[in-house]
Amino acid sequence: MAKNITARSSDYSKWYTDVVIQAKLADYSPVKGSMVIRPNGYAIWEMIQQNLDRMFKDTGHVNAYFPLLIPESFMTKEAEHVEGFAPECAVVTHGGGQPLEENLYIRPTSETIIWSMYKKWIMSYRDLPILINQWANVMRWEMRTRLFLRTSEFLWQEGHTAHATAEEAEAETLRMLNVYKTFAEEYLAMPVIAGRKSESEKFAGAVHTYSIEAMMQDKKALQAGTSHNLGQNFAKAFDVQFQDKDGQRRYVYATSWGVSTRLIGALIMTHSDDNGLVLPPRLAQRPVVIVPIYRKEEEKTRVLAYADALHKELSARHKVIFDDREQYKPGYKFAEWELQGIPLRIEIGPRDVENNKVVLVRRDTMQKEFIDRSAIAAKVDETLPLMQREMLEKARVWQKENTFNVDDYDSLKSIIAGDGGFINAHWCGSADCEATVKEATKATIRNIPFDREEEKGACVVCGKPSDGRVIFAKAY
RNA sequence: CGGGGUGUGGCGCAGCCUGGUUAGCGCACCUGCCUUGGGAGCAGGGGGUCGGAGGUUCGAAUCCUCUCACCCCGACCA
């Protein structure tokens, strides 16, 4: 039905791009690999920011801003870190028409600049913990880019905390991953699996990395958030020590954690359909649209008065779009707001005015319902959270139905080669077996779920003993 | 960087092979009429250095050379 959107069944990847472009979420920029986030897309980002920011504040974090440019010498201080990031960094070599004394890196992430500052700020255990977050842009020179999912420049938040003890740092790392999980499920209506990354998949410079992984509608995995326990690696690289209660000087323990505009891509690929974007109500800046319908001048007067009164009533509690544009017919408007994912549409025509009703349409199910005029406000209040819950539930079912326990390598290979999905399989813990699977199937270990069952088994590749299952899947 | 593809009004394309008046078509846009419960219709109208440079030719969107950009598929990644 949607005019310019490729069906998911015919080309998933084209469908995704069509939704992003047609729903006016983003557009290609003149620079390869970077994108313009248009107002519809940015509104989603603002909702993500607002809600996450509140959750960060509630857990004791504060915001700050560190600069975009990082001296080259900083980048090279932490060995693993530089190895991980150097190839994908943009470097400024000139300024004011002159070659620079020292090259400046455009931040791919801010650990180095932040820890250079923490060194100045941390003297005593009394200065700890430091719980700072920043909302910023970063740049990674990607070879292959896709709108929202992977662009050279992207927006994110990065939390950087400093702690006196390893236990505290670990608790923070887990706490923030849990914030992401809660946010993903309660706001994005996107079920995720929280767990630990394997050694080969962890962040450059981390002791270990945790992630939340979501399943998209094409059954591929998408890493939606990460949280790193950095141990003392950065403290050592930047010589950040504090004097503890016992008078001893010790290196500080660090964490960092982030989510990016990639979440918008995740949101699209979790819920949207062939008619366009489907937004969970809590992510919709404007969750309701009213479309008046009329033919004759006399009908117009009545319908608009009726609709306007309802608009005013609903606006007390929700941001409501009142689409009284004259140049478009109702059918066009329906299609347009569907494409843009507005959760609830209220249609008001002469017959509704006559009967003291309105038509309420849910974007996720496309269900139409006649509602009494007197009941509509309560119905809207009730439907938005209901829709939010049902969208999460639907996504959960999808994830569950496409997750398979597998005990032999051949089945793993044939599932990945076929329809795909998440595969729960035993793994001995060796990087070799992990690499073997990756080479053969392109699937990687997404993470080692926290809530996996303790279950003795045999590694699906080599047969050595394993303590539990990990998730294999192809990933974005 | 390897393989493939595309550059022609805002968008999507045709024209190119076989050079020849004023470069077409659909959508979008503007004006008017008419319409409005699932992307209406009619009439009129505006808008193009044919990605760029060079060459061949009386004449180039079209042929030749070079170049640039973007997209898709692979190697790297949140």
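Here is how names work: the chains are called A, B, and so on, in the same order as the sequence lines, proteins then strands, and each is numbered from 1. Computed from a predicted structure; not experimentally measured.
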Residues passing the ring-ring contact (aromatic ring centres under 6.0 Å, His included) test with A:H81, sequence neighbours excluded, are A:F85, A:F203, A:F234
Ring pair (Phe, Tyr, Trp, His ring centres under 6.0 Å) pairs touching residues 208-227 of chain A, sequence neighbours excluded, are A:H208-A:Y210, A:Y210-A:F450
Between A:N233 and A:Y253, is there a side-chain donor-acceptor contact under 3.5 Å, judged purely by atom types and distance? no
is_close_aromatic(A:W337, A:Y332), centroid dist under 6.0 Å: no
To the nearest angstrom, the CD1-P distance between A:I290 and B:G37 comes to 18 Å
Which is true for A:T151 with a 4.0 Å heavy-atom rule: it touches a base, it touches only sugar-phosphate, or it touches nothing? base
Of the listed B:C71, B:G37, B:A75, the closest approach to the A:Y28 side chain comes from B:C71
Donor-acceptor pair, distance only, cut-off 3.5 Å: does the side chain of A:R107 make one with the backbone of A:F66?
yes
Here the salt bridge (charged side-chain N to carboxylate O under 4.0 Å, His left out) pairs for residues 205-217 of chain A, sequence neighbours left out, are A:K197-A:E213, A:E213-A:R446
request  = Taking only the side-chain nitrogens and oxygens of A:K300, find out if one of them lies under 4.0 Å from OP1 or OP2 of B:U35.
outcome  = no
- Give one of base, sugar-phosphate or nothing for A:Q223, where a contact means two heavy atoms less than 4.0 Å apart. sugar-phosphate
* Reckon A:V359 touches a base, only the sugar-phosphate, or nothing at all at heavy-atom distances under 4.0 Å? -> base
Atom CZ of A:R363 and atom C1' of B:G38 are separated, to the nearest Å, by 13 Å
message = Between B:A14 and B:C25, how far apart are the two C1' atoms, rounded to whole Å?
response = 7 Å
RNA chain B in dot-bracket form (Watson-Crick or G-U pairs under 3.5 Å, [ ] crossing, | inter-strand) is ((((((((.[[[[.)....(...]]]].(((((.......))))).....[[[[[..)....]]]]])))))))....
Across all chains, not counting sequence neighbours, the ring-ring contact (aromatic ring centres under 6.0 Å, His included) partners of A:Y118 are A:W115, A:W121
- [ ] Please evaluate the base of B:G38 for a donor-acceptor partner in the side chain of A:K368 within a cut-off of under 3.5 Å?
- [x] yes
Practice item. Describe the nucleic acid contact of A:L222 in one word from base, sugar-phosphate, nothing, applying a heavy-atom distance below 4.0 Å. Key: nothing
Self-check item: Presence of A:K14 side-chain N/O under 4.0 Å of B:C72 phosphate oxygens OP1/OP2
Solution: no
- Message: If I pick the P atom on B:U31 and the same atom on B:G46, what distance separates them, to the nearest angstrom?
- Response: 15 Å
Rounded to whole Å, CD1 of A:I21 lies from P of B:G10 at a distance of 17 Å
- Query: On a whole-Å scale, what distance lies between the C1' atoms belonging to B:C34 and B:G7?
  - Reply: 40 Å
Whichever of A:F154 and A:Y294 has the more 5' nearest nucleotide on RNA chain B, that residue is A:Y294
### Message
Need one value for A:R345: base, sugar-phosphate or nothing, where a base atom within 4.0 Å counts as base even if backbone is also close, heavy atoms only.
### Response
base
By side-chain contact (heavy atoms from CB on, under 4.5 Å), A:I44 pairs with (sequence neighbours left out) A:L25, A:I48, A:I264, A:L267, A:L277, A:L279, A:L283
Check your understanding: Quick one: does A:E336 reach the base of B:G39 with a side-chain donor-acceptor pair under 3.5 Å?
Key -> no
Taken to the nearest whole Å, CD/A:E347 to P/B:G38 is 8 Å
